[in-house]
Amino acid sequence: MTDTPVDAAAARAVDYSKTLFLPVTDFPMRAGLPQKEPEILAKWAADDLYRALRREAAGRPKFVLHDGPPYANGHLHIGHALNKILKDVITRQKQMEGFDSNYVPGWDCHGLPIEWKIEEKYRAAGQNKDDVPKKEFRAECRAFAEHWVGIQSAEFQRLGVIGDFANPYLTMAYEAEAIIAGEIQKFALTGQLYRGSKPVMWSVVEKTALAEAEVEYQDYTSDTIFVKFPVKLTQGVRELIGGEVEPRRYNAPPVEFAGASVVIWTTTPWTIPGNRAVSFSNRIAYGLYRVTASPEGNWATVGELLVLADKLADEVMKAAKVEAFEKVGDVSAEELKALTLAHPLAALGYGFQVPLLDGDHVTDDSGTGFVHTAPGHGREDFEIWMHNARDLTLRDIDTAIPFTVDDSGFLTQDAPGFTGRSVITDKGDKGDANKAVIDALVEARALLARGRMKHQYPHSWRSKKPVIFRNTPQWFIHMDREILKAGETAGASAGTSEPDTLRARALRAIADTTFYPPAGQNRLNGMIANRPDWVVSRQRAWGVPIAVFRNTATGELAPGPTFAGSAEVQARVAAAFTSEGADAWYADGAKERFLGGLVDDLGAWTKVDDILDVWFDSGSTHAFCLRRRADLKWPADMYLEGSDQHRGWFHSSLLESCGTNGRAPYDAVLTHGFVMAEDGRKMSKSLGNQTQPQDVIKQSGADILRLWVMTSDYADDLRIGKEILQTNVESYRKLRNTLRWMLGTLAHHVPAEDPAPADRPELERLILHRLAEVADQVKAGYAEYDFKRVVGAISNFMVVDLSAFYFDVRKDALYCEPRSSVKRRAALAVVATLFDTLVKWLAPMLPFTMEEAWGQRFPGARSVHLELFPDVSADWRDDALAARWAKIRDVRRVVTGALELERAAKRIGSSLEAAPVVHVGDAALHALLAEIDLAEIAITSGVVLVATPAPDGAFTLPDVADVAVVPAKAVGTRCARSWRVTDDVGADPRWPDVSARDARALAEWAAAGGTA
RNA sequence: GGGCCCGUAGCUCAGCUGGUUAGAGCGCGCGCUUGAUAAGCGUGAGGUCGAAAGUUCAAAUCUUUCCGGGCCCA
């Protein structure tokens, strides 16, 4: 070693760092996003970036991602954030891909949750909702929704979401209400809307229907009864007569069932008048039992034959106080299915046939193994009844569901023998209906046993009083009824081959839609294929009315397929709603206003006051937003929501649009999963594992939240928590600092001095080749909305190829080479290209940070978000070059590995202290290495390349053949400027402690007026 | 209970139609640098690919069952 002591005086005299092209930038290492982002937002607002984007994109092909409206009743949560960030990234991506990508946010404003809030307010003030005029109540709901739209709008914008927040769409806007009402009228006009009935939870005390969420379960003591249904008939076989299926024929039951009864158990005796069937299960074993001993006067008499589940026979007999009984034989599911029962109160006017229906909801855990089925009094009862409706009709059984209880809890004329009896009083107490029914059953010798039971029973959340299931008229949309064309009446299109039904249209539309991920197609298809008719009515106040009139005598609808004045009614309603909102429907004189002069007898017509289910509202957004706005288009390119919306918005929009337009309102559907806590479980307040977007924004910034979305697999469920966020903070820092170094370095970039492409060194060409490769990945990733792939490719490139390799190697050239150096200028040109490309690629994902970086690079320039994605030249691809450099980088790894051992042994510190001997056996590789400056690549002060075999103990890597490294210290003097050890330090007497290369740099520097 | 989906290093993700010792980034340990410095570089340790059967010469990759988790229904 021949270290020459540096001239101490000279070293003190010259601070060479002042003569280097070191990075210079104001772009801070630490982002301070929570403070910085609002500043950027303010700038975007001041510049009206949204308008600027529209102007910039005027005339381009449109890309429309139609916003699914969030519900306007609370602060945004992490799920909203995920959803809006994904939408925003795609919106921005498409804009930069060259579309006019216009995002119009929307809100769902009607519906129950808002009604509750307003009712709550009234209650707190001691007022009753029913005492408040409907118009006033609706006005309060409107104000409430407006309030939350404002808050959510601000919260969405804080995430960086860009869109027409100044003109969003609202389901409660007057025009929207007018069009929604017009849409349901279209369904009426084409014969798809009909009035049917369905059991709903009903509070007698409040005289109102309740949603599941308005009900709580409390202990309640019910009367229980075991009731005998006599076996009456056995079905014959259906016969085909003249091509028509005849109703089933009936025979007397098999002799062993003569006089037998099927026994049911229920806790609601008052529903017996509503009974229409008895359900059983094919998974339960049943038997025929004979009573052989019974006390005098007992309801169960000796000789009586009962059908029961085997598992429950003992219990039932015990409850019936039977002293002894025997099993006569097994009863199969087939036998049960064939039997028809009589209603136990047949004599009172219940003379219809009671079928036995096979249902999965039946268990043999308690009761008798048979379930009393009153389709107007239970959800499962209703469903099994409707499910069997076709077959029941063939059996000549009327499937109409009786209205046995009125809205005050009294049994009606549909309950002969009990009319006027009270189920539940207006105070919420038990009425006299149960006793009357039980007495009648005793009288009819149909009661086997009775008792009382304490159990959990639904109560109104508000009044805390018990509720009942009650059949109520509701409005439905047919899934399988031929859709009439305008002016047609039923049957007019008979003769066409395929029936044009809503279900058929929807299934076809699903097949024509692209799904991301593809599994969504299957999922939506399954739901549409199996769903029952669509119930669209709600007995509520805050919504859009089902704006039709119904003739109480004929059932005719106006507008409707047979009503002559339909177009006029539609026009009147549309005009009124557009100027006054849907409130017009509830104003005095509305019937005369909309129907006057169009019918002979106004009195025969009833205005339907039910409102539409909010799913119909949001299912119509395509009609009042996409179709109406000139700056959008119909159908949308994409709908994007959480996977729960297969049942929700994707579903209702599909049905609504298929019913009115014959196709889906979207070409593609993208779904994301749900956000879980870090352990993969649901977030919940009680577990304290929630992550609030507001907290993340306050602590780390919106770009961190966005980066979290970008690095997650949104197709699956996502996880978030402290550790995961920290990971993203670290990744962000790495990206940010890499950009920061580029910015600093580019402070010295003079575009006019960029060398010609032909003069670019191999290393620069290699990096451009890699950039072209990454461009392909980025393009492909964006094309499939696979953002983790995009961000992964970019960050891998920035970390592995740039920060750890290219930049590290080129620092010497960039900092130390003379100003005129081609190598230095070529590197600067490439860094400029890299910066420009990377910032644009990342702009949709990290809009704040990229805007900040762009502004640092080009002060005063317009927003990066107005730019297009860069064209990365395919000419930069050079696979042969890349293959050569893959080998060179392998050799580099061997060198750095060898140096690491030297470092560990404290023989060197900086790699510039080394000049290792590299043994390369392979001639081709040796030749390749000889052409390049391996020392420069390995960041050593020298490399001795030799072809001789490696001595024992030389450093090798198992996966790099024929390369061995023997470490050695660099020989020469450490250049005080570049810190490289060379043998030409002092070549220029003006700078005796500096290498020849650095002396040339200093000469240029001095000539340019530099001083230090 | 039913439909659909998911389960690869501490974290986030790659691993195509089955084929050599399962990869990357981040984090973590150790070291270097101090001219990207609350940064940069190097290097190391981490996985029986949820579990078990099966198909196959060969399975993270195919089949079945189970376990765990999610969404939607019931």
Side-chain angles (χ1 to χ4, degrees), chain A residues 15-25 27 29-30 283 360-361 363 379-380 383 517 519-527 529-531 642-648 651 671-682 707-708 710-713 715-745 786 788-789 791-800 803-805 807-809 811-812 814-816 893 895-906 908-913 939 958-959 977-979:
Chain A
D15 176 1
Y16 288 117
S17 72
K18 296 274 189 339
T19 73
L20 298 168
F21 299 104
L22 292 176
V24 180
T25 180
F27 189 70
M29 188 146 58
R30 294 175 64 84
R283 293 176 300 199
D360 285 343
H361 65 291
T363 68
R379 191 161 294 152
E380 284 167 335
E383 264 151 26
Q521 189 158 39
N522 191 14
R523 187 167 175 181
L524 188 54
N525 197 77
M527 286 177 182
N530 294 319
R531 65 155 300 144
S643 61
D644 58 331
Q645 297 303 324
H646 285 105
R647 175 61 72 187
H651 193 115
T671 53
H672 59 254
F674 274 67
V675 183
M676 299 296 135
E678 217 145 27
D679 59 0
R681 296 173 158 272
K682 233 191 263 231
L707 187 58
W708 162 71
M710 294 301 98
T711 55
S712 298
D713 181 4
D716 196 357
D717 288 333
L718 296 81
R719 298 182 183 200
I720 195 169
K722 240 177 126 185
E723 185 179 0
I724 293 168
L725 281 168
Q726 193 50 41
T727 300
N728 282 291
V729 167
E730 302 292 348
S731 303
Y732 174 86
R733 268 202 205 137
K734 181 67 192 181
L735 293 183
R736 184 178 177 90
N737 273 311
T738 306
L739 288 175
R740 177 172 181 267
W741 181 84
M742 286 193 256
L743 278 169
T745 296
D786 187 352
K788 60 181 160 36
R789 186 168 159 202
V791 93
I794 292 174
S795 107
N796 198 59
F797 175 61
M798 288 177 76
V799 172
V800 177
S803 183
F805 176 62
F807 293 165
D808 213 31
V809 168
K811 278 176 199 168
D812 174 74
L814 285 164
Y815 297 174
C816 305
R893 277 170 47 229
V895 173
T896 53
L899 294 187
E900 192 59 24
L901 292 182
E902 292 305 287
R903 224 171 248 136
K906 302 289 176 197
I908 62 164
S910 163
S911 60
L912 287 174
E913 292 171 36
I939 320 181
D959 59 332
R977 185 168 177 274
S978 69
W979 300 341

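Residue numbering restarts at 1 for every chain, and letters A, B, ... go by the order of the sequence lines. Side chains are part of it too, since the values below use all heavy atoms of this structure and drop only hydrogens, waters and symmetry mates.
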K.L.:
May I ask which nucleotide in the shown strands pairs with B/G54, Watson-Crick or G-U wobble, both distances under 3.5 Å?
P.N.:
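Result: B/C62.
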K.L.:
Looking for any heavy atom pair under 4.0 Å, which part of the strands does A/Gly673 touch: base, sugar-phosphate only, or nothing?
P.N.:
nothing
K.L.:
What's A/Thr738 touching, base or sugar-phosphate or nothing? Going by heavy atoms closer than 4.0 Å.
P.N.:
base
K.L.:
Check every strand shown and say whether A/Leu20 touches a base, only sugar-phosphate, or nothing at a heavy-atom separation below 4.0 Å.
P.N.:
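Base contact.
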K.L.:
Going by purine N1 to pyrimidine N3 plus the second Watson-Crick contact, or the G-U wobble pair, all under 3.5 Å, which nucleotide sits opposite B/C71?
P.N.:
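Across all strands, the one nucleotide that pairs with B/C71 is B/G3.
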K.L.:
Identify whether a stacking contact exists between A/Trp979 and B/G35, where the ring centres must be under 5.5 Å apart and the planes under 30° apart.
P.N.:
yes
K.L.:
Among B/G70, B/G31, B/G25, find the nucleotide with the atom closest to the side chain of A/Val799.
P.N.:
B/G25
K.L.:
Could you tell me whether the side chain of A/Gln645 and the main chain of A/Gly642 form a donor-acceptor pair under 3.5 Å?
P.N.:
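Not confirmed, A/Gln645 side chain does not pair with A/Gly642 backbone.
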K.L.:
Judged by each residue's nearest nucleotide on RNA chain B, which is more toward the 5′ side, A/Arg30 or A/Cys816?
P.N.:
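Taking each residue's closest nucleotide, the earlier one in sequence belongs to A/Cys816.
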K.L.:
Of all the heavy-atom pairs spanning A/Ser803 and A/Lys734, show the shortest one and how long it is.
P.N.:
OG-NZ, 3.1 Å
K.L.:
Does B/G68 fall in syn (glycosidic angle within 90° of 0) or anti?
P.N.:
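That one's anti.
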K.L.:
With both distances under 3.5 angstrom, what nucleotide forms a Watson-Crick or G-U wobble pair with B/G23?
P.N.:
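Check on B/G23: paired to B/C13, both distances under 3.5 Å.
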K.L.:
Considering every strand and a 4.0 Å limit on heavy-atom distances, what is the contact class for A/Ala904: base, sugar-phosphate, or nothing?
P.N.:
nothing
K.L.:
Verify the contact: side-chain N or O of A/Arg903 to OP1 or OP2 of B/G31, cut-off strictly under 4.0 Å; return yes or no.
P.N.:
no
K.L.:
Of the nucleotides B/A36, B/C41, B/C11, which one has an atom closest to the side chain of A/Ala804?
P.N.:
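When the side chain of A/Ala804 is considered, B/C41 is the closest of B/A36, B/C41, B/C11.
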K.L.:
For the P atoms, the ones on B/G46 and on B/A9, what distance do you get once it is rounded to whole angstrom?
P.N.:
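Looking at atom P only, B/G46 and B/A9 are 15 Å apart.
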K.L.:
Please pick, from B/C26, B/G35, B/G69, the nucleotide with the shortest atom-to-atom distance to any side-chain atom of A/Arg681.
P.N.:
B/G69
K.L.:
Classify the nucleic acid contact of A/Lys722 as base, sugar-phosphate or nothing, counting any heavy atom under 4.0 Å across all strands shown.
P.N.:
nothing
K.L.:
Quick one: look up who B/G31 pairs with, Watson-Crick or G-U, both distances under 3.5 Å, and put none if it's unpaired.
P.N.:
B/C41
K.L.:
Are the side chain of A/His651 and the backbone N or O of A/His646 linked by a donor-acceptor pair below 3.5 Å?
P.N.:
yes
K.L.:
According to a strict under-4.0 Å criterion, is A/Tyr815 in side-chain N/O contact with OP1 or OP2 of B/A36?
P.N.:
yes
K.L.:
Measure from the side-chain heavy atoms of A/Asn737 and tell me the nearest of B/C71, B/G35, B/G40.
P.N.:
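So the nucleotide nearest the side chain must be B/G40.
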K.L.:
Return the nearest nucleotide to the side chain of A/Thr727; candidates are B/G70, B/A38, B/G25.
P.N.:
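So the side chain of A/Thr727 is nearest to B/G25.
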K.L.:
Using atom P in both nucleotides, what's the gap between B/G50 and B/C6 to the nearest angstrom?
P.N.:
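Rounded to whole Å, the distance is 13 Å.
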K.L.:
Verify the contact: side-chain N or O of A/Arg740 to OP1 or OP2 of B/U37, cut-off strictly under 4.0 Å; return yes or no.
P.N.:
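Yes, within the criterion.
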K.L.:
Is A/Glu383 touching bases, backbone alone, or none of the nucleic acid, heavy atoms closer than 4.0 Å?
P.N.:
sugar-phosphate
K.L.:
For a 4.5 angstrom cut-off between non-hydrogen side-chain atoms, does A/Val791 reach A/Leu707?
P.N.:
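Counting from C-beta outward, A/Val791 and A/Leu707 do come under 4.5 Å.
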K.L.:
Side-chain donor or acceptor of A/Ser803 under 3.5 Å from a matching atom on the base of B/A36?
P.N.:
yes
K.L.:
In terms of the nearest nucleotide of RNA chain B, which residue is placed more toward the 5' end: A/Ser911 or A/Lys682?
P.N.:
A/Ser911
K.L.:
Looking at A/Lys734, does any N or O in its side chain come under 4.0 Å of the phosphate oxygens OP1/OP2 on B/C41?
P.N.:
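For B/C41, OP1/OP2 do have a side-chain N/O of A/Lys734 under 4.0 Å.
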K.L.:
Taking atom C1' of B/G68 as reference, at what distance in whole Å does atom CZ of A/Arg719 sit?
P.N.:
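Rounded to the whole Å, the gap is 10 Å.
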K.L.:
Quick one: does A/Lys811 reach the base of B/A36 with a side-chain donor-acceptor pair under 3.5 Å?
P.N.:
yes
K.L.:
Figure out the NE2/P separation between A/His672 and B/G70, and round it to whole Å.
P.N.:
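That distance rounds to 17 Å.
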K.L.:
With a 4.0 Å cut-off on heavy atoms, is A/Asn796 in touch with a base, just the backbone sugar-phosphate, or nothing at all?
P.N.:
sugar-phosphate
K.L.:
Please state the C1' separation for the pair B/U43 and B/A51 - nearest whole angstrom.
P.N.:
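The answer is 36 Å between these two C1' atoms.
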K.L.:
State which of B/G40, B/G42, B/C72 makes the closest approach to the side chain of A/Arg523.
P.N.:
B/C72
K.L.:
A/Arg531 near the nucleic acid: base, sugar-phosphate alone, or nothing, with a heavy-atom cut-off under 4.0 Å?
P.N.:
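Here A/Arg531 touches no strand at all.
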K.L.:
Among B/U12, B/C32, B/C71, which nucleotide sits nearest the side chain of A/Lys906?
P.N.:
B/C32
K.L.:
B/G47 pairs with which nucleotide, Watson-Crick or G-U wobble, both distances below 3.5 Å?
P.N.:
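B/G47 is unpaired by these criteria.
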K.L.:
Can you tell which of B/G69, B/G31, B/C41 lies closest to the side chain of A/Asp808?
P.N.:
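Of all the options, the side chain of A/Asp808 is nearest to B/C41.
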K.L.:
Using a cut-off of 4.0 Å on non-hydrogen atoms, how would the nucleic acid contact of A/Thr896 be classed: base, sugar-phosphate, or nothing?
P.N.:
sugar-phosphate
K.L.:
NA contact type, A/Gly680, heavy-atom cut-off 4.0 Å: base, sugar-phosphate, or nothing?
P.N.:
sugar-phosphate
K.L.:
Atom CE of A/Met676 and atom P of B/C71: how far apart are they, to the nearest Å?
P.N.:
5 Å
K.L.:
Identify whether any heavy atom of A/Met742 sits under 4.0 Å from a base atom; if not, whether one sits that close to sugar-phosphate; answer base, sugar-phosphate or nothing.
P.N.:
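Nothing, no nucleic acid heavy atom in range.
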K.L.:
Using the P atom in both, what is the distance from B/C11 to B/C49, to the nearest Å?
P.N.:
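That atom pair is separated by 16 Å.
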K.L.:
In Å and rounded to the nearest 0.5 Å, what is the OG to CG distance from A/Ser643 to A/Leu524?
P.N.:
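It is 12.0 Å, given to the nearest 0.5 Å.
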K.L.:
Side chain of A/Glu900: nearest nucleotide among B/C32, B/U43, B/C72?
P.N.:
B/U43
